[in-house]
Every structure is written in C-alpha cells, then in structure tokens.
Asker: 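My structure is below; once you've seen it, I'll send some questions.
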Amino acid sequence: MADDKKLTTRKADFSAWYNEVVLRAELADYSPVRGCMVIRPDGYGIWERMQRTLDDMFKATGHRNAYFPLLIPQSFLSKEAEHVEGFAPELAVVTHGGGKELEEPLVIRPTSETIIYAMFAKWVQSYRDLPLLINQWANVVRWEMRTRLFLRTLEFLWQEGHTAHATHDEAEEETRRMVGIYRDFMEGYMAMPVITGQKTNSERFAGALRTYSCEAQMQDNKALQAGTSHNLGQNFSKVFELKFQTEAGDEAFAWNTSWGVSTRLIGGLVMTHGDDKGLRVPPLLAPIEIVIVPIWRTDEDKARVFESAKKLKTSLGEWERREPNRLRVHLDTRDNMKPGAKYYDWELRGVPLRLELGPRDVDANQCVLVRRDTGAKQTVSLDTVGEDAEVLLEKIQDDMLTAARDRREANSIRGDITWARFTEVMEGEGAFVYAGWCGSEECERQIKEATKATIRVLPDEEFRSSEPATKCLKCGNPSTVEALWAKAY
RNA sequence: CGGGGCGUAGCGUAGCCUGGUAUCGCGCCUGCUUUGGGAGCAGGAGGUCACCGGUUCAAAUCCGGUCGCCCCGACCA
C-alpha cells in the first residue's frame with residue numbers, strides 16, 4: 001500500500017478491499033483458529049440490530065424461540081439420506097469427552113433439522129398440536145475448505161426456523177411467507193435489494209423438497225445467497241416419525257419447513273453498500289446513526305462547543321422517532337485527533353450521518369449535517385436539527401436501496417443471449433443474466449463447468465422479464481423456464 | 001487438497017543473496033504548540049526476528065524439518 005491511510009479500491013482488487021473494510025472498520029478480526037473469526041463490537045452491533053428486527057418479524061408471524069443443543073448424535077444425521085450426503089464432508093465430529101472415547105461420536109450441528117424434528121416427534125400427537133412454529137438463534141459449524149470473513153467461516157451465527165404443519169399446502173405457504181419476510185428485511189432494513197425465486201434441484205438444500213432463496217448482487221456483480229427457505233415435505237418427519245392424528249382420526253406425517261439467515265448478511269451489507277472510503281451502514285441497522293464531531297481552536301471555544309455538543313447529543317438522543325427507538329447519537333470527544341481525521345475515521349466505519357459543530361456554528365445556533373452515502377452537506381438550525389436529521393436518515397435509507405437496485409438493474413442482462421456473449425460477460429465484469437433454460441441438469445452442469453456461473457434462482461414472477469428468452473442458453477432448445485445466472489459467493 | 005505468498009515491536013515493513021546482535025513508517029506514552037478534511041516539534045516505551053534442530057567463534061541471515069496464516073482454484077449459508 002503506497003498510502004496506508006487509503007483503502008485498496010474496489011476496482012483495483014475487490015476482495016482485498018472487502019477484507020480491509022471488514023478489518024479496519026473493526027467489524028471482525030481473524031481468530032487463532034484457521035477459518036474462524038471474532039465478531040468485534042461494531043460488527044456485532046449490526047448483527048444485534050438485525051437480530052432484533054428479524055426476531056420481531058418472526059414473533060409477529062407466530063413463531064416462538066427455543067434452543068436446541070449444539071451436539072447431535074451422529075446417527076441422527078445419517079437418517080435422512082440426502083441430508084447426510086450433503087453435510088458429511090463438512091462435519092466437525094466430537095469423538096472424545098471427559099477423557100474417554102465416546103461410544104457414539106457426536107457431530108457439532110451444521111444445521112439442526114435432525115435434532116429438532118426428533119424432538120418435535122415427541123411433542124406432536126394431534127393435529128391440534130400443529131402448526132408448530134419454532135425459531136432458534138444459534139451457532140453452527142461447517143468445515144469449509146476456503147473461508148472468508150462473514151461470508152464463509154467454520155463457525156457462524158444464524159437463526160434457523162423450523163416448523164411442522166398438517167398439510168403440504170400449509171408448509172408451502174409458510175416456506176413462501178418466510179421468503180417474503182426475508183425480502184422485506186433485506187430491502188427495508190439492509191437496503192439490499194434481492195431477487196427471490198426457487199432453486200434448481202442441484203442447488204436445493206440437502207433433504208428438501210424445494211428451496212427458495214433471496215439473491216443479492218454484490219458490487220463485483222457476483223450473487224450472494226442471502227437467505228433460504230425450504231419446504232422439507234415429509235422427508236424428515238418420516239425418518240423421525242413425526243406423526244400426528246388427523247381430525248378424521250388417521251395417522252399422518254407432518255410437513256416441515258426450515259429457513260435461515262446468518263451473519264453472512266453482514267458481508268452482504270459491506271459488499272452492497274461499501275465504497276472506497278469504507279463502510280456505509282443503512283441508518284436502520286447502524287449502531288450509531290449520527291456522530292457529532294466538535295471543532296474548536298482555543299480552550300475557550302472547546303468549552304462552549306463541548307457544552308453545546310453535549311446538549312445536542314442529549315436532545316437528539318431523546319428525539320421521538322416513528323418507532324419507539326430514539327436517534328442513536330455518539331459524541332466524538334477525542335482530543336488527540338483533528339476534525340479531518342475524525343471525518344475519515346467515521347466514514348470508514350460507515351456512520352450514516354455526521355454532525356459538525358464548531359464555534360462559528362454555536363454562535364449562529366446552527367450545525368452542519370453530512371450524509372455518508374452522498375457526501376452532501378447542509379447547514380441546519382439547532383432548533384430543527386432533530387427533524388432535519390430524522391428526515392435525512394430516512395432519505396439516506398431510501399436512497400441507499402434505490403442506488404443498490406439501480407446498480408443491480410444496470411448490471412443485469414435479459415432476453416436471448418448468445419453463448420459467446422454469455423461467456424464473455426462471465427469472464428469479464430459479470431452480471432445477473434436472465435436467460436432461457438431447457439430444464440436439463442446436463443445444460444446446467446455444462447454451463448457451470450465452462451463459466452463457473454450457476455443458476456441462482458428461477459425467479460419469482462415479478463422478477464421475470466417481460467420478454468423472456470425463448471431458447472436455452474446452452475443447447476438452444478426451447479426454453480421452459482427463465483433462469484437467473486451469475487457467479488456466486 | 002493443488003498453486004502462490006508471507007511469518008522481524010500493536011500494525012505495516014527493511015535487513016537475508018554476501019553471517020558480526022535489528023531499519024524505517026504508522027500507532028502508543030510525556031510535554032509544548034495545534035484542531036472547519038488524515039497536525040508539528042522534542043523526548044520516550046516497546047523485540048524469545050513463528051517454532052525445533054543443525055553448521056559456525058558468532059545465525060533474523062546459511063542448511064534440514066515443523067507449524068501457522070493470507071491469497072488464487074475444486075465444495076459451500
């Protein structure tokens with residue numbers, strides 16, 4: 001780095017840029033164990049806001065939290081054939097406990113379907129016990145070969161929802177409902193637009209009937225699978241004997257769903273909104289929404305600027321918002337840094353709104369508000385700064401979503417596309433390509449082999465092209481469904 | 001697991017080829033002056049040179065081995 005104050009630019013090296021932002025904004029740090037990470041307070045603060053919001057959304061749709069154990073008997077994993085096949089390569093297995101070799105090894109959960117449905121089987125007897133709507137916040141372990149901060153680590157934090165229903169249709173409805181909730185969260189809070197749709201069989205969750213996904217486009221035009229929701233059918237209920245007596249008195253297997261999002265979302269946030277100055281956090285998820293930077297020249301100035309700044313922090317902190325939350329304000333009192341250095345520091349950390357207050361401002365009963373997303377400055381009266389800040393924060397939130405959506409659309413290609421053009425795009429800048437697909441796994445496989453692009457989803461109706469491609473991207477046969485192709489994280 | 005790179009102060013590094021007890025920058029501490037876009041000066045603290053073994057009067061440096069981490073590929077939320 002020629003100038004170690006500056007970040008590597010996104011254009012020069014996107015993945016170096018990403019690592020630098022995560023480390024320097026103090027979201028996370030490497031741990032002594034390969035592939036594991038420490039989530040630092042600034043990163044965890046974002047996660048806590050995500051958790052709180054999602055948790056409220058889950059509760060509002062009737063789900064309740066519970067906690068299931070970290071350790072699962074190995075035999076449980078083996079019961080569902082596809083499931084064990086899918087997860088076997090990445091399991092961490094505990095073979096010893098209390099100084100002795102265990103009779104049956106225990107796996108550290110890579111996901112909790114098996115233990116949860118085994119328990120559900122004990123709890124459900126009658127259709128009156130359904131639906132059973134459970135969520136848990138937990139850590140899971142998957143022994144990945146290649147790891148990246150937040151995006152892929154050996155251990156990560158997530159929530160996994162698990163439900164049991166009396167009918168297929170109810171389970172399907174639940175599966176779709178949760179995709180909708182995820183989408184609302186990602187767009188409404190993260191300002192990260194997503195394409196929703198169904199996964200092809202090759203990308204389906206191990207053991208599911210169908211998998212739906214929310215796919216976001218990162219600034220390098222690669223797709224990030226941001227959340228998934230699975231209709232598990234009766235695959236797990238059959239092997240764990242999750243049965244119930246129907247209203248008519250028959251015995252039936254329950255229908256299950258599971259759905260999850262993880263700390264990977266934080267990586268998505270960085271790669272959606274970050275710029276060459278650092279992180280940009282959407283206001284609704286920002287642990288600090290407004291940072292006050294006081295400016296002074298003399299001791300006398302310092303005293304009255306600080307006094308004014310403290311009052312401002314208090315009054316903003318008590319400002320009523322549309323939600324029961326208050327404005328989250330931080331006053332930067334560090335006296336060993338010049339204001340300019342503080343600006344760079346808070347820009348790196350992504351605080352959405354900066355409030356500059358100097359002697360001249362105090363005299364004039366005003367302050368300067370600076371948007372992190374656009375850099376735009378405006379001078380406002382101290383009498384109205386609460387309203388002004390609130391309006392600006394809402395605007396920033398909206399504008400960030402719009403900007404991200406515009407960028408995604410500018411990097412999307414629709415309609416029939418030649419194979420030559422497709423490979424050129426995937427080898428170059430990349431894009432979301434809505435192309436025709438004949439439905440054969442062979443074409444899907446060949447395209448992946450040739451270009452590393454995969455079908456991210458078969459998009460839901462509202463995302464499909466008004467004039468979709470007519471021919472399969474690979475074989476040229478008539479297209480049976482429109483598919484969204486992209487390289488993925 | 002293949003390919004590449006790197007381990008020297010909290011961080012980033014020079015020194016290694018050609019052996020002689022470690023350089024510089026940032027950060028940190030103290031003081032003074034500063035503060036509206038990355039402050040200046042002066043003084044100061046901070047090191048098992050990743051680890052183990054070997055060669056040598058002498059090893060960060062040469063030789064052998066081990067470990068770890070990062071990056072790029074095959075698998076993945």
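Chain letters run A, B, ... following the sequence lines, proteins first, then strands; residues in each count from 1.
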Asker: Give one of base, sugar-phosphate or nothing for A:Leu224, where a contact means two heavy atoms less than 4.0 Å apart.
Answerer: nothing
Asker: Answer yes or no: side-chain N or O of A:Glu347 and base N or O of B:G37 forming a donor-acceptor pair under 3.5 Å.
Answerer: yes
Asker: With sugar-phosphate meaning primed atoms plus P, OP1 and OP2, does A:Trp158 contact a base, only sugar-phosphate, or nothing at under 4.0 Å between heavy atoms?
Answerer: nothing
Asker: What nucleic acid atoms does A:Arg354 come within less than 4.0 Å of, heavy atoms only: base, sugar-phosphate, or nothing?
Answerer: base
Asker: Under the side-chain contact (heavy atoms from CB on, under 4.5 Å) test against A:Leu355, which residue among A:Asp361, A:Val385, A:Val329, A:Val291 passes?
Answerer: A:Val385
Asker: Do the side-chain N and O atoms of A:Tyr212 and A:Glu172 include a donor-acceptor pair separated by under 3.5 angstrom?
Answerer: yes
Asker: Mind checking if A:Gln225 touches a base, just sugar-phosphate, or nothing, with heavy atoms under 4.0 Å?
Answerer: sugar-phosphate
Asker: Counting side-chain heavy atoms from CB outward, which of B:G36, B:C76, B:G37 is closest to A:Glu90?
Answerer: B:C76
Asker: From the list B:C76, B:A39, B:G37, which nucleotide is the closest neighbour of the side chain of A:Arg152?
Answerer: B:C76
Asker: Output the single nucleotide from B:A77, B:A39, B:C72 whose closest atom is nearest the side chain of A:Ser15.
Answerer: B:C72
Asker: Answer with base, sugar-phosphate or nothing: what part of the nucleic acid does A:Asp361 contact at a heavy-atom distance below 4.0 Å?
Answerer: base
Asker: Can you check the distance between B:C76 and B:G27, where both ends of the measurement are the C1' atom (answer in whole Å)?
Answerer: 38 Å
Asker: Under a 3.5 Å cut-off for both contacts, is B:A42 paired Watson-Crick or G-U wobble with anything, and if yes, with which nucleotide?
Answerer: B:U30
Asker: Looking at every strand, decide which applies to A:Asn336 at a 4.0 Å heavy-atom threshold: base, sugar-phosphate, or nothing.
Answerer: sugar-phosphate
Asker: Would you mind telling me which of B:G36, B:C76, B:C70 lies closest to the side-chain atoms of A:Pro359?
Answerer: B:G36
Asker: Heavy atoms under 4.0 Å, any strand shown: does A:Lys452 hit a base, just sugar-phosphate, or nothing?
Answerer: sugar-phosphate
